[in-house]
Structures are given as C-alpha cells and as structure tokens.
4 protein chains.
Amino acid sequence: MRADARRNRARVLAAAEAVFQEAGAAATTEQIARRAGVGIGTVFRHFPTKSDLLHAIITDSLERLTVRVTELESHGDPATAFYDFFTELVRQAGEKHGVMALLAQTGEAPAVHKPIDAWRATVERLLARAQAAGAVRPDVGGDDVLALLLGLCQTAVTTGWDDTRCRAVLRVVFDGLAARH
Amino acid sequence: MRADARRNRARVLAAAEAVFQEAGAAATTEQIARRAGVGIGTVFRHFPTKSDLLHAIITDSLERLTVRVTELESHGDPATAFYDFFTELVRQAGEKHGVMALLAQTGEAPAVHKPIDAWRATVERLLARAQAAGAVRPDVGGDDVLALLLGLCQTAVTTGWDDTRCRAVLRVVFDGLAARH
Amino acid sequence: MRADARRNRARVLAAAEAVFQEAGAAATTEQIARRAGVGIGTVFRHFPTKSDLLHAIITDSLERLTVRVTELESHGDPATAFYDFFTELVRQAGEKHGVMALLAQTGEAPAVHKPIDAWRATVERLLARAQAAGAVRPDVGGDDVLALLLGLCQTAVTTGWDDTRCRAVLRVVFDGLAARH
Amino acid sequence: MRADARRNRARVLAAAEAVFQEAGAAATTEQIARRAGVGIGTVFRHFPTKSDLLHAIITDSLERLTVRVTELESHGDPATAFYDFFTELVRQAGEKHGVMALLAQTGEAPAVHKPIDAWRATVERLLARAQAAGAVRPDVGGDDVLALLLGLCQTAVTTGWDDTRCRAVLRVVFDGLAARH
DNA sequence: TATGAATGAGGGTTCATTCAT
DNA sequence: AATGAATGAACCCTCATTCAT
C-alpha cells in the first residue's frame, strides 16, 4: 500500500505542475485532483495544504535542476556548462508559468527560500568556474546572475517568447556577461 | 461635489496601487477601500470592475512613463536618454509590484493592450535614436528591448531588488546592449 | 417651487410605471430617476421608500380605473358596462407587468390592501347591476370576479397575449359568467 | 456516500420549494440552505446556479404532473379526466407560489421551455379526448386552455385562494368551457 | 429643493479544507 | 489509504438609502 501511496504522490505532483501551467494561478485543487485521476481527499492526504503542494513542486523542480547542473559540469568545459545551463533554463521556463504566478501572489515565497538557497549554491559554483575560465566577467555575483536568470525566465513565461526572441535576448545578455569591464 | 468625487477617484487609484504593491494580486477590493478611506461602494462607483481598476492603474502608469520619455528626449543626448530611461524604469519597478504581477498572471493583459502599444511606440523611438547615435548595437529590435525591460522590472519587483542589485544587473545588460558584433 | 415639485412627483411616477413595465421587478431606483430626468435624490424626496413608490403607482392606477368604471356605468347598459370593463382591463393588463411582479415578490401586498378595497367596492357595484339586469349569473360574488380578473390579467401580462388569445379566453369566461346554473 | 448525497439533493429541492413558497422570488440561497439543514456550499454543489435550482424545481413539478395526467387518463372517462386534472392543478397551485412567481418574472422562463413544451403535449392530448367526448366545446385550443390554467394558478397562488374560492371560480370557467356555440 | 456621490448590508458564488463513508 | 460530499469564510458586486454640497 506504500507503493500505491508513493505513486499517487508523484501523480499529484505531476498533475499539479501541469495544471498550474495551463490554468495559471487560478488553478483549483479539484482540477489538480481530476487531472491526477484521484479524489480530492487524496491530494490533501499527501499535501495537507495548497502551500505544501507548491513547496513540493518548487523543491522537486530545483532538485532536478541541480542534477542537470551536475551533469553539465561533468560533461563540458566551464564556459559551455554555464551558458548552456542558462539557455536551457530560460527555454524551459515556459513550463513553470502557474507556479511562478502563485509564488508571486501568495505570501509563500519565504517558504521556498530553503530549497532555493540550496540550489543557489550550485549555480554559484557553476558561475565561479566559468569566471575562473575567463568566460564570464569577474565583477558579477551569483545573485546578479540569478536575478538575470529569473527575470528572463519570468518574462519568457509571461509573454510567451519564441525561439527567435530567446536567442536575441540571450545574445545581448551573454555579451554583457562576457564583457571586459 | 464633482471635486470630492475627483479627489476620491484619485485616492482610490493611489490606494489600489499601494495595496496591490503590498498584498500582491490577491489584494481585496475591501482592502483598497479601507486604505483609501472610503466605502467599498465608492470603489465600485469609480471602477465598476476590479479589472477596470487594474486597467486604470496601468494606463495611468504608462501615461506617466510616456511623459517621462518625452522629457528625457528633449533634455539630453540620445544615448543618455535611452540608458537613463531604462535605469529609471527598472528602479521604479519596485513600486509597481502588484500591478505587474497582476498583468503577468491574470487574463487581464488583453484589456490593456492599447495603452501598452502606445507606449511601445515611444520606447521604439527612443531606441532608434540611441542606435542612430551608435550607443546601442543595431541588431536588437524594440521588442527585444521591451522584453529585457519587462523581465528585469518583473524580477526587480518580485524579488525586491535594492539599488546595488539594480546597478549590477543593469551594468551587465547595458554592456550587452552596447557590444559591437 | 411647489409647482416644480408636483411636476417632478408626477414625472417620477410615470417613469416608474414605464421602467417597471420594461425592466420588470429588477428595475432599479436609478433607472427610474434617469428615465424621469431627475436625480436619484429627487425620487427619494418624493417617495422615501421604494415601497412608497410602489404604493403610489397602485393607488394611482386604481384611481384611474375607478374613474373609468364610473364613465362606463353612466354611458351604457349594465351588461355592456360590465363586460366592456372586464375586456378593457385584461387588454390593458400588459402595462402593469413589473408592478405586479414586484407586488408578488416583496411582502408589500398588504400595503396596498386599502386602495384595492376601495376599488373592489366599485367593481362589486358594477357586477351587482349586471346581475340585476340578468347579464351575469347570480351565484358569483365580487371576489370571484376579481379573482378571475386578476388571474387573466396576470397571465395576459406574463405570457404576452395577443388580441386573438384575449378574445378566445374571454369568450370562454364570459360564457361561463353568463351561464344559468 | 452517494446515498447521503442523493438524500441531500432531495432535501435541498424540497427546502427550495418550501422557501420559494413562503418568501417568494426574493428567497435567498442561504434561507434555502438553512431550511434544508445543510451548508450553503451543499446547495451549490447540487445546483451550481440559482437558476439551476429553479429549473430543477420546475422540471420536477412538471414531471409529477405528467405522471398524474397519465394516471387520470387511464382510470376515468375523458371528461372526468380533463376536469379533475384542471381542478387538481389549480388547487395545488397554492403550493407552488414562489416558483410560479419566479417563472413569471425572471428571465428564466426560456430555460424551462423544454419541460413546459413536453407537458403542453400531454395537456393537449387530454383536451382533445375531452372534446371528442363532447365534454368541452370544440372552439378552444390547447393554448387557450393552458392560458386559463396558468392564469388561475397564478392568481390562486398570488392571492391565496381557499377551497371555496377555487370551487366558485372553476365552476364559472368549467361552464364556459362546456358551453355550446 | 435638487443633486448625485458615498455608504454598506446583503446576495450569489467559489474553493480550500474537513470528515463520514 | 482513498474517496468525494459537506462546509463556510471570503470574494466580488448591487442597490436602496443617506447626506454633503
């Protein structure tokens, strides 16, 4: 029965991500339950609060991202790793629409600070290596990079960037990141 | 009593901006009324729909921005005008928190397309002049600039940038915008 | 100034009748004011309560009807007077739509009992004469006739009878009223 | 829990009928909930809109009436069936006060056209048989009969007829319906 | 006196959360 | 453990009524 429960938890999580993506911040718990193919009671058994669900989604996403960073680090040179990661993230941003909206709307942002901090460390390592390799100017900090990253992701998400727009914007930002004072 | 009414309308508008800023998109009409020091009926007399209120705030803000652009254009050289405007906007973004969030997440965006479009034209003129003066690379379009602008504003707003952060991020973006090939 | 006031009172009354007719029970006091071409404050100066307005409309209508009965009585024979009045009333019923609806919906019905009672006496006299002339069966009372009258008026109003329907239904009822035991 | 739900649905329906009857069209959803002994949310779970609730009551009532017609048809001769049905309906009308009022005054009528049409066919069959048996004059149509029926029901309902009044009015109408030439 | 802006109780409806099955 | 019906606080909005001008 533990196996069933775990599968349900995963299903709900996936459904929540999908529904937030489609319906935005207005997504209801019932929509999520329906999409997951479970009763609404089951959603609440696993995530006693909508906030918990949100928290879980974020944590989950960040964990996957951390794995991805590690992968990139081990496969390529620091510069490529850094820029590829950045690009990938902005491109994928579209998938996080509703979650971001909800985060912005509820006072939940503090609740996800911990997972974000964990992830931040990873990103900072990525940046440090790229800087050590001379691929990124030395006068930007991890927070600046994260700020840029978040900003572009949010807008990508909000205004629905296509590939051309992505490329154009990233070219500017990357040139800026690579610039010597 | 026309005078009173006008004063109240302004009060409500200001209160709405403030409350959206503090409470995010979840702000209640009642909170706004309370903050404005009027009854809830008064809010609805002036803005029959929450959406109308939102629309009014956006229009109002964009109008002020347009005025500002014109000012900058007439006082300085194209490069300074462009970069100052960009900077100013991102800095002020913090004051528009809730509104931006609302814009980004509700289905209300279409309702404000007209003021946004009007404003876009103004920004494009600013850019064109800066490019003609050689202060901005020629391979970025108005939409790219707006995308960057919106992205940074949103994040500034969402994550509460202070001045230092603003400066750091803008330095990177400006270097990117100024970069040759 | 008294003349202005009286004219306004009449205007409001007429507007109210018209608006109730068009908008039904959902008519707002503001619609009435607008239609009367006065401010909403003026409506309330003359009729401190919506209920008062309703009451005034009913009283007004019933007074006009009483006048009409007297006219018919003095001009024709009792049978014609009775049947013409009945016919006329049902035909005109369409004009009372909203008022009837409001009466039915609010608990105001008791408030108009007095004017109705006054009118009832008039109708009963009409009936008595028609019965004395042998034109209406003797075993129906004034209340029965009023009940029939009201029933047909209401339905005429509610379901929008045309002339053909009016005629067909009245033929049946008149035959019933004329029938010997 | 399907059983509980069904019981609650029925309770709400019954409560709604009762409350509409007492409070008229102005009946509040909360009054209904209170009367049904359930939370307001339950009312909305079963009838997502006040209009839906209305629709359900009408449909329900008409269905019961259709059943009753069929019963009468199979048990007695056409004349008795017709007149008994007519009598029964007007007598029961007192129990449908609010619903009739609602039907008569809101824009909801269109929503219940289908059940009404179905029922009309039934009544027309009843009439046709009574006419074939010579119990009803041949020059009245189904619509005329329905008009009379509705008118009497509405008034019965609006003005609270007792049995004596019912009998007196119906005697007149029945004589009219039976009249030759 | 006339005006119309301001008021706020109250209505319909939604949805996170609880709880009986 | 899973279900989904029940709950009710809270939301947006309306409109009769009041009151400052």
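In what follows, every heavy atom counts, from backbone to side chain, and hydrogens, waters and symmetry copies are set aside.
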(request) Could you check which residues of residues 28-41 of chain A get a heavy atom under 4.0 Å from DNA chain F? Sort them by number, please. (result)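 Only Val38(A), Gly39(A), Ile40(A), Gly41(A) qualify.
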
Please report the distance, rounded to the nearest Å, between [atom1] in [X] and [atom2] in [N].
X        : N       : atom1 : atom2 : result
Arg45(A) : dC19(E) : CZ    : C1'   : 12 Å
Arg6(C)  : dT1(E)  : CZ    : P     : 13 Å
Phe44(D) : dG11(E) : CZ    : C1'   : 9 Å
Asp4(D)  : dT18(E) : CG    : P     : 20 Å

(request) Return no unless some side-chain N or O of Asn8(A) is found under 4.0 Å from OP1 or OP2 of dA2(F). (result)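 Yes, such a contact exists.
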
(message) Check this one for me: any side-chain N or O of Thr42(C) less than 4.0 Å away from OP1 or OP2 of dT3(E)?
(response)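 Yes, Thr42(C) has a side-chain N/O under 4.0 Å of OP1/OP2 on dT3(E).
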
(message) Go nucleotide by nucleotide along DNA chain E from the 5' end; which of His46(C) and Ala27(A) gets its closest nucleotide reached first?
(response)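 So the residue in question is His46(C).
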
(message) Using heavy-atom distances to pick each residue's nearest nucleotide on DNA chain E, tell me which of Pro48(A) and Val43(C) is more 5'.
(response)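 Result: Val43(C).
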
(message) Can you list everything that forms a side-chain hydrogen bond (donor to acceptor under 3.5 Å, both in side chains) with Asp60(D)? Sequence neighbours excluded, please.
(response)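 Asp60(D) satisfies side-chain hydrogen bond (donor to acceptor under 3.5 Å, both in side chains) with Arg64(D) once adjacent residues are dropped.
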
(message) Could you work out, with side-chain hydrogen bond (donor to acceptor under 3.5 Å, both in side chains) as the rule, every residue matching Arg7(B), not counting sequence neighbours?
(response)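 Once residues adjacent in sequence are excluded, the partners of Arg7(B) under the side-chain hydrogen bond (donor to acceptor under 3.5 Å, both in side chains) criterion are Asp4(B).
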
(request) Between Thr49(C) and Arg9(D), just flag the one whose closest nucleotide in DNA chain F comes earlier from the 5' side. (result)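 Looking at DNA chain F, the more 5' nearest nucleotide goes with Arg9(D).
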
(request) Can you tell me which stems involve DNA chain F, if a stem is defined as three or more consecutive Watson-Crick or G-U wobble pairs, both distances under 3.5 Å? (result)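 E:2-21 with F:2-21 - these are the stems of 3 or more pairs that involve DNA chain F.
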
(request) Between dA1(F), dA5(F), dT17(F), spot the one nearest the side chain of Ala5(A), thanks. (result)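 Nucleotide nearest to Ala5(A)'s side chain: dA1(F).
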
(request) Show the numbers, then the answer: is there a side chain to side chain contact (heavy atoms under 4.5 Å, CB included) between Leu13(B) and Phe47(B)? (result) CA-CA 9 Å; Leu13(B) 213 54; Phe47(B) 308 95; 3.6 Å; yes

Distance-only check: which donor-acceptor pairs under 3.5 Å involve side-chain atoms of residues 29-45 of chain A, not counting sequence neighbours?
{"unit_1": "Gln31(A)", "atom_1": "NE2", "unit_2": "Thr28(A)", "atom_2": "OG1", "d": "2.5"}
{"unit_1": "Arg35(A)", "atom_1": "NH1", "unit_2": "Glu22(A)", "atom_2": "OE1", "d": "3.4"}
{"unit_1": "Arg35(A)", "atom_1": "NH2", "unit_2": "Glu22(A)", "atom_2": "OE2", "d": "2.8"}

